[in-house]
Amino acid sequence: MKRLNWDKVAVLSLFGLLITEAVWAAETLQDVMTRRGLTEKDILAAAKTYVPSGKRDEYIVFSSGGQSGHVIVYGIPSMRLLKYIAVFTPEPWQGYGFDEESKAVLAQGNIQGKAITYGDTHHPALSETNGEYDGEYLFINDKANPRIAVIDLHDFETKQIVVNPVFKSSHGGAFVSENTEYIIESAQYATPYENEYVPLEQFNERYRGGMTYWYFDRAKGRIIPEQSFTVMAPPYSQDLSDFGKGPSADWSFTNSFCSERYVGGIEQGKPPFEAGCSAKDTDFLHVVNWRKAAELVKAGKATLINNHHVITIETAVKEGILYLIPEAKSPHGADVTPDGRYIVVSGKLDTHTSVYSFEKIQQAISAGKFEGKDPYGIPIIAMTDALHTQAELGLGPLHTQFGARKCEAFTSLYVDSMVARWDYCEGKVLDKIAIHYNIGHLMTMHGDTKKPEGKYLVALNKLAIDRFNPVGPLHPQNHQLIDISNEKMTLLYDMPLPLGEPHYAVGINANLLKPIIRYKSGWDSRANQASPYKTLAGREKTVKEPGKVEILGTVIRSHITPEIIEVTEGDDVTIHLTNLERAQDETHGFALYGQNVNLSLEPGKTSSFHFIADKPGVYPYYCTEFCSALHLEMQGYLLVKPKNYQEAAKQAGETAIYTKADYDKQVEKNQATQTTIDQVVAFITSHNYQEFPSVVALMEDATDQLNFAKEAQTKATAAAAKEDWQNAALWAGQWWQYQVKAADIGLRAKAYLEQQGANKTK
Ligand code: K7E
Ligand code: CUA
């Protein structure tokens with residue numbers, strides 16, 4: 001074997017590095033464009049979407065996560081993923097479905113006693129005040145198991161799940177009223193309201209659809225099921241819904257398909273659902289006066305079904321709160337214009353998009369002008385009496401969103417794979433852009449509010465096909481970002497979304513979101529209150545009763561208290577942990593061997609877990625977040641002793657390995673470290689650091705660490721006084737650990753001040 005001359009290798013590689021660097025330095029934008037085959041148009045698109053390192057996005061998107069049961073959060077224009085919020089499905093990173101606090105949230109979503117651990121999420125809705133986003137809450141529906149979840153945007157966590165008491169599937173949710181008094185959730189596939197068997201032969205008589213209005217208590221941040229109600233509807237498959245705005249604010253609109261009430265039966269030689277459900281030329285738009293419906297409920301005019309207020313069709317007709325209007329067949333999408341004057345409905349099987357006039361609907365209602373009644377006695381307003389205009393946009397129109405310009409609308413064309421920009425006042429097409437492929441929903445910034453901001457449009461496409469590197473038969477979804485700020489729409493970016501099939505998304509100006517960075521100390525985030533198991537530093541304890549062990553512990557860089565937990569086989573064990581950190585982004589995790597335990601403890605949070613220690617053995621546990629240089633040492637042991645265990649003779653005591661010399665050496669090192677810390681502190685305090693909140697927070701954190709250092713120093717000194725050099729040296733080492741953490745934080749603060757060009761004050 002030839003011996004390498006290492007000096008020569010080093011010189012050569014250094015030389016090579018120099019050459020490469022020279023090439024890099026010389027490469028111009030033109031060179032890069034040639035090398036990567038980029039056009040000027042590509043560069044422009046890149047410049048419009050690129051967010052430089054350390055900078056932030058202008059808009060935040062909350063996308064449904066489809067069958068994953070999560071919500072996906074990303075930024076615009078960069079399309080960078082920021083978070084998956086666990087909603088209907090357990091998710092270990094957030095500890096969701098692993099700690100007892102979040103298990104309780106998931107359990108609210110049990111259906112007839114059965115745990116449901118996924119959701120088919122379709123439509124996220126942001127809370128509104130006066131028809132505009134306020135950045136406080138997010139709601140999302142589950143189509144498969146009719147449920148609505150409440151996500152608090154103060155911490156981006158799911159706080160509540162409510163199960164629809166009368167539906168067995170739902171689609172037309174979540175959409176909110178102008179001031180988020182109610183969240184609508186309409187049914188999809190008609191079923192009996194009661195939880196019992198009813199043969200399909202009784203479909204017309206016993207199966208029902210409807211619209212549920214969930215009452216939201218803003219002060220509590222929770223839906224109040226007792227104050228919610230359902231307006232019963234015929235067994236037409238109710239589909240998407242929207243609340244009115246401004247003049248139409250008291251009303252809601254829900255379209256439907258399969259008003260044929262076809263029940264299939266290919267097994268009996270009948271035509272399939274898809275044929276029977278699209279036989280007629282029209283279906284029905286349901287128009288509901290929800291404000292009056294809520295008053296009827298208060299006046300005691302609702303019927304209780306499954307302990308839930310239901311306004312029957314009969315009552316709804318008698319009280320004049322429910323009307324139908326024909327709509328082009330198999331519609332999808334019902335979207336109220338920002339001014340609240342029109343409702344835009346598209347028929348998937350019709351090229352027309354219809355614009356209904358709220359004013360004309362009201363005129364027909366007050367004049368009692370109806371073209372007839374449906375089989376359930378609901379008055380039908382003639383389409384011609386309600387239409388403002390119709391526009392021929394293209395094939396397979398689905399959903400509509402609005403732009404910042406007057407009468408500007410964008411409609412997705414599923415079959416054509418295009419987006420049409422059009423004028424809903426004039427019914428005139430303005431521009432079209434090709435989408436890849438088969439667009440479902442689309443979304444513009446604040447595009448479903450009273451004040452759309454326009455700027456960007458995201459096409460939520462059903463198919464990706466060949467747009468990305470292949471990853472097997474299951475493809476990611478494709479969210480395409482489109483610039484709508486100019487006259488011609490231009491495609492900017494393709495983002496693969498690898499988690500379920502997102503249906504709808506909402507985009508909010510990032511300035512409106514003000515999430516917290518830490519919890520109040522000892523916080524149960526799911527219940528949004530101080531945890532009864534909140535534990536302070538030094539107050540950790542273990543409560544033992546026969547057959548039962550309860551531990552109140554803490555975590556902080558870099559240890560878990562307790563470090564050793566001893567229980568007996570068969571014990572019922574509960575462990576509550578509080579993260580004592582106050583520093584931003586100092587989350588600790590907790591994973592325990594073989595017990596399916598995985599916690600996420602963000603600063604301030606208290607989480608619990610419970611299990612039966614049914615198998616004797618040794619169970620290591622540790623922190624799962626790389627939280628500091630001594631993260632790996634953030635560990636402990638759970639020891640489960642067999643019942644009737646005979647203590648073996650103790651092993652000989654630990655042998656001391658450290659001497660006075662070790663102790664002295666450590667102390668010397670600590671003094672030197674302290675000098676560095678003092679210099680950093682002097683730098684910070686001689687500048688206007690108080691004007692930088694993140695530096696103030698870092699200083700608080702550093703002070704905490706220095707206080708811990710002082711405690712360890714006291715212990716070291718006490719041991720030294722007793723000439724217990726073993727413990728003196730170990731405590732001196734611990735003292736140094738805290739100093740290192742403080743120094744690390746201090747240096748971060750100093751670097752930040754330098755970058756920000758802080759001013760010298762002293
Ligand atoms: Cu996929 Cu709104 Cu459920 Cu249309 S929905 S595409
Ligand atoms: Cu805490 Cu790693």
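Every value quoted in this text rests on a predicted model; they were computed, and no experiment measured them. Atoms within a ligand are numbered from 1 in the order they appear, just like the ligands themselves.
In terms of protein heavy-atom proximity, atom 1 (Cu) of ligand 1 is nearest to H503 ND1, 2.1 Å.
Ligand-side atoms of ligand 1 in range of K462: 1 (Cu), 6 (S), range being under 4.0 angstrom from any heavy atom. Under a 4.0 Å criterion applied to the non-hydrogen atoms of H123, ligand 1 contributes the atoms 2 (Cu), 3 (Cu), 5 (S). Every atom of ligand 1 is numbered from 1 in the order shown, and the set under 4.0 Å from a heavy atom of G440 is 6 (S).
Seen from atom 1 (Cu) of ligand 2, atom ND1 of H588 and atom SG of C623 lie 120° apart in angle, a value rounded to 10°.
Aromatic ring centres of H475 and F468 lie farther apart than the 6.0 Å criterion allows. If you look at Y619 and Y593, their ring centroids are closer than 6.0 Å. Aromatic rings of F590 and Y621 (six-membered ring for Trp) have centroids within the 6.0 Å cut-off, being under it. Aromatic ring centroids of H399 and Y504 lie 6.0 Å or more apart.
Atom 1 (Cu) of ligand 2 does not have S628 among its coordinating residues (no N/O/S atom, backbone or side chain, under 2.8 Å). H332 lies apart from atom 2 (Cu) of ligand 1 in this respect, since none of its N, O or S atoms is found at a distance under 2.8 Å.
By the criterion of a heavy-atom distance under 4.0 Å, the side chain of L240, and not its backbone, is placed next to ligand 1.
Taking 4.5 Å as the limit, some side-chain heavy atom of H123 sits within range of a side-chain heavy atom of H441.
For atom 3 (Cu) of ligand 1, the nearest N, O or S atom contributed by H122 is named ND1.
Ring-plane geometry between Y213 and Y182 is classed as perpendicular, the angle between the planes exceeding 60 degrees on a 0 to 90 degree scale with a lower cut at 30.
Partner of E185 under the side-chain hydrogen bond (donor to acceptor under 3.5 Å, both in side chains) criterion, out of T230, T212, N164: N164 alone.
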